[in-house]
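Naming: A, B, ... by sequence-line order, numbering from 1 per chain.
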Number of protein chains: 2
Amino acid sequence: MGVDVFDTNMPKRYSPVVTEAANSDDVPNLPPTSWAVLGMLSHADELSGYDLKKWADWSLQFFYWSPSYSQIYAELKRLEKHGLATSRAVIQQDGVRGKRMYTITESGRKAAARWVNDAPVEAPVLKHSVMLRVWLGNLAEPERLREMLEAHIAYVEKMAKRAEADAKGAESNPDWAYPSAVLRWCTRHYESERDLAQELLADIDTLPKRRRRKHG
Amino acid sequence: MGVDVFDTNMPKRYSPVVTEAANSDDVPNLPPTSWAVLGMLSHADELSGYDLKKWADWSLQFFYWSPSYSQIYAELKRLEKHGLATSRAVIQQDGVRGKRMYTITESGRKAAARWVNDAPVEAPVLKHSVMLRVWLGNLAEPERLREMLEAHIAYVEKMAKRAEADAKGAESNPDWAYPSAVLRWCTRHYESERDLAQELLADIDTLPKRRRRKHG
DNA sequence: CGTTGCATGTAAGGTGTTACATGATTAC
DNA sequence: GTAATCATGTAACACCTTACATGCAACG
């Protein structure tokens, strides 16, 4: 393994060296998911855990991932414990169900800003099970591989359309300028995934078929 | 939230309905990471845990992610427990260090093939911290956003070049036809990520700057 | 009157990481 | 000699999911 051009170990962070400000006690050391939830709170007045989950499915989902309900509730408690968010109980009355609404605090807004600006950026994580299967293509039935890639193409097309529709809905509001820029990125990302999957499909069709059980 | 065209809940699996064969007792229910490790074993004669980690850094890394040493050792034990791999101890002698070499079993090869063909395919997982920060761009310093995106572009360019070099190295061997097709996909994927990041950079430059602390 | 949606949470367990420990060999 | 690499593993813990429990409201 005498390669000298590239590092074997790619960084998990883009800037591993923590600048003095980054992990001082005014910005608690939380996982990105916490900041994602706090970030959603920063885009709204008041949200319940349920609201947050629904919204995560329509926004975070495209470029991060949507945490489960239970994790969202846990994160909210943690954020409140750190003073980054506050909550008020909305008790049930007149046929309106009880719930707990969360709001970002001023301290939370500052901490989020410092996290965005100063915390080391984690390298993007990709876990592409479809590619994992193609990578093991020598074990697979060619038809199954094709089916998988076609299901994947359908999936990314759906995501591209959803992102596009969301981007359209968001771009009218100047407060959502950054979220809509990201949604435009997502649209292009999923469209590009579609094209890449189609090229891969064409690519593996040129491969000599070493195993073929049926071709009827 | 009266959208009727798309599902709010995107599938975590492409085919949630398990076909009779998929989870019968002959294919143990293991996480994708286990199959990834078994898959690496299926591409080689005999590998140590250390070898597997090194190889994961150069192959899986591009489209899946590279598990830590400790997890690889744990996965190997699990695979052996299920009879999908066997190991032999290479004791140290004549200045050669001791180690344990793992081999896929015939049963392991069959199980891996059934997993690839029949198990429901997990939707790809993307955790893009860079996009998360851009999404919170209203909290950020524009210059920091720019720096992050530029670091990201440098990262994906590095990945693209590594994938391309690997693809070149692999394509001569006909046994690696599928791995090299995937590496070509990875090359295009990272090149596309670079282009997308550049477009996003241009996109956010057109945004009205609501906050600006310094511009010297 | 049953299903769906709203709403919140707990418990258990799986997945995966970091830090640590150990010790030999190789390269500078 | 001391730093890096080879090689394996344990322990502690963080992260996250699934399954489960609960109960009301609205819709048909």
Side-chain angles (χ1 to χ4, degrees), chain A residues 1-4 7-9 12-13 16 28-37 46-57 60 64-78 80 87-102 122-123 125 127 129, chain B residues 1-4 7-9 12-13 16 28-37 46-57 60 64-78 80 87-102 122-123 125 127 129:
Chain A
M1 294 199 182
V3 180
D4 42 23
D7 291 340
T8 304
N9 300 315
K12 297 216 170 175
R13 312 262 151 139
N29 190 23
L30 299 172
T33 304
S34 300
W35 300 111
V37 172
E46 234 192 1
L47 293 168
S48 69
Y50 197 88
D51 295 337
L52 282 159
K53 170 60 177 165
K54 291 292 137 195
W55 198 36
D57 285 343
L60 283 184
Y64 212 72
W65 100 107
S66 193
S68 61
Y69 281 111
S70 60
Q71 205 193 342
I72 286 182
Y73 289 118
E75 292 298 350
L76 286 170
K77 283 186 176 163
R78 172 151 60 171
E80 194 166 27
S87 69
R88 66 183 184 95
V90 177
I91 52 177
Q92 74 183 98
Q93 58 180 28
D94 298 329
V96 178
R97 272 168 255 95
K99 54 176 154 178
R100 184 164 287 275
M101 302 294 281
Y102 287 85
E122 307 79 12
V125 173
K127 287 179 86 169
S129 301
Chain B
M1 294 196 183
V3 180
D4 42 24
D7 291 341
T8 305
N9 299 315
K12 297 215 169 175
R13 310 264 151 138
N29 190 23
L30 300 172
T33 303
S34 299
W35 300 111
V37 172
E46 235 192 3
L47 294 168
S48 70
Y50 197 88
D51 294 338
L52 282 160
K53 170 61 177 165
K54 290 292 137 195
W55 198 36
D57 286 344
L60 281 184
Y64 211 73
W65 101 108
S66 193
S68 60
Y69 281 112
S70 60
Q71 205 194 343
I72 285 183
Y73 289 119
E75 293 297 350
L76 286 170
K77 282 185 179 165
R78 171 152 60 172
E80 193 166 28
S87 71
R88 65 184 185 94
V90 177
I91 53 176
Q92 73 183 99
Q93 57 179 30
D94 299 328
V96 178
R97 273 167 256 96
K99 55 175 154 178
R100 183 164 287 273
M101 302 294 281
Y102 287 85
E122 307 79 12
V125 173
K127 287 179 86 169
S129 301

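- Between Ser68(B) and the phosphate of dT18(C), there is no side-chain N or O to OP1/OP2 separation shorter than 4.0 Å.
- Residues Lys53(B) and Ile72(B) approach most closely at CA-CD1, 3.5 Å, considering heavy atoms.
- Within the structure, a side-chain polar atom (N or O) of Arg78(B) is placed less than 4.0 Å from OP1 or OP2 of dT15(C).
- A close approach under 4.0 Å does occur between a side-chain nitrogen or oxygen of Ser48(B) and OP1 or OP2 of dT8(D).
- Without hydrogens or angle criteria, Glu80(B) side chain to Ser87(B) main chain gives a donor-acceptor distance under 3.5 Å.
- In this structure, Pro32(A) and Lys127(B) have side chains that are not in contact, with every pair of non-hydrogen atoms separated by 4.5 Å or more.
- Taking each heavy atom of Leu30(A) and Trp35(A) in turn, the nearest pair found is O-NE1, 3.2 Å.
- Between Trp65(A) and dC15(D) there is no side-chain polar atom (N or O) within less than 4.0 angstrom of OP1 or OP2.
- Residue whose closest nucleotide on DNA chain D sits further toward the 5' end, between Leu30(A) and Tyr69(A): Leu30(A).
- In the helix from dC1(C)-dG28(D) to dC28(C)-dG1(D), the end axes, each obtained as the rotation axis mapping the C1' atoms of four pairs onto the next four within a five-pair block, lie 40° apart to the nearest 10 degrees.
- Among all heavy-atom pairs drawn from Gly49(A) and Leu76(A), the shortest one is CA-CD1, 3.7 Å.
- Checked against dT8(C), dC15(D), dT10(C), the side chain of Tyr73(A) finds its nearest nucleotide in dT8(C).
- Thr33(A) comes within contact range of the sugar-phosphate backbone alone, with a heavy-atom separation under 4.0 Å but no base atom that close.
- Considering only the side chain of Tyr50(B), dA7(D) comes nearest among dG9(C), dA7(D), dT17(D).
- Each of Met101(B) and Glu75(A) was matched to the nucleotide of DNA chain D holding its nearest heavy atom; the match closer to the 5' end belongs to Met101(B).
- With a 6.0 Å cutoff to the six-membered ring centre and a 45° limit on the axis angle, Lys77(B) does not count as a cation-pi contact of Tyr73(B).
- Candidate nucleotides dT10(C), dG9(C), dC16(D) were compared by shortest atom distance to the side chain of Tyr102(A), and dG9(C) ranks first.
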